[in-house]
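Down below is the structure, laid out as structure tokens.
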Amino acid sequence: MIGRDDEEGARPPEDDRPFAEQLLERRGFAITAALFVMLGGLVVPFVGWVAGMVMLWRSRAWTTRQKVWATGGPVLASAAVLLVLALLSANGKSTDAGVGGSPVIPVVYDLGSTAVVLLLVGYAAAGTWLLWLALRPVGRRA
């Protein structure tokens with residue numbers, strides 16, 4: 001027969017925090033957040049991305065610096081690329097094929113759709129980076 005002391009000693013210590021607080025520290029939540037950042041904008045435009053950002057900022061898997069880079073990095077990179085493209089297209093002769101007949105450099109009225117594509121690619125890269133950080137072994141986290 002197992003005594004009362006033996007039975008209580010076998011139980012893991014109970015956490016008095018609410019389940020929602022415990023969930024924010026789990027690896028599965030971090031993986032889900034990274035996937036939402038990576039693919040949320042593709043699956044459900046804008047709403048999926050917003051959900052990914054909320055999950056990212058609520059999770060405890062990443063540092064504040066990593067969260068800032070994952071949120072703002074794609075926007076900054078897209079803005080830099082759009083600025084270069086805008087400067088290239090402003091000085092060149094534009095046709096339907098692009099600046100100077102090149103289909104690679106978009107004309108000014110194509111910059112909006114180019115921005116959307118750049119943001120989707122940027123957040124896919126940021127989500128991949130966050131997923132890589134979340135899947136690293138626990139001892140290697142800084």
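A distance-only check finds a donor-acceptor pair linking the side chain of Thr32 to the backbone of Gly28 [under 3.5 Å]. Using modelled atom types, no side-chain atom of Trp129 and backbone atom of Ala70 make a donor-acceptor pair closer than 3.5 Å.
Hydrophobic clustering, with ILVMFWY side chains joined whenever heavy atoms are under 4.5 angstrom apart, keeps Tyr123 apart from Val117. Val121 and Met53 are assigned to two separate hydrophobic clusters, defined by single-linkage of ILVMFWY side chains at heavy-atom distances under 4.5 Å. One hydrophobic cluster, built from ILVMFWY side chains closer than 4.5 Å, holds both Leu135 and Leu39. In this structure, Trp62 is a member of the same hydrophobic cluster as Val50, with clusters built from ILVMFWY side-chain heavy atoms closer than 4.5 Å. In the hydrophobic clustering of this structure, Val54 groups with Val68; members are Ile, Leu, Val, Met, Phe, Trp, Tyr whose side-chain heavy atoms approach within less than 4.5 Å, directly or through other members.
For CH2 of Trp69, the number of neighbouring non-hydrogen atoms (other residues, nucleotides, ligands) closer than 6.0 Å is 12 at most.
With sequence neighbours excluded, the residues satisfying side-chain hydrogen bond (donor to acceptor under 3.5 Å, both in side chains) with Thr71 are Trp57. With sequence neighbours excluded, the residues that form a side-chain contact (heavy atoms from CB on, under 4.5 Å) with Leu83 are Leu87.
Distance check, rounded to the nearest 0.5 Å: CG of Leu56 to CZ of Arg58 gives 12.0 Å.
For Ala34 against Leu131, the heavy-atom pair with the smallest separation is CB-N, 3.6 Å. For the residue pair Pro74 and Gly122, the shortest heavy atom distance occurs at CG-O, 3.5 Å. Scanning both residues, Arg136 and Arg27, for their nearest heavy atoms gives O-NH2, 2.8 Å. Summarising the geometry of Gly52 relative to Val37, their closest heavy-atom pair is O-CG2, 3.5 Å, with the distance given to 0.1 Å. Here the closest heavy-atom approach between residue Leu119 and residue Val75 is recorded as CD2-CA, 4.0 Å. Contact between Ala124 and Met38 at its shortest, heavy atoms only, is O-CG, 3.6 Å.
Using a 4.5 Å cut-off on side-chain heavy atoms (C-beta onward), Thr128 and Trp132 make no contact.
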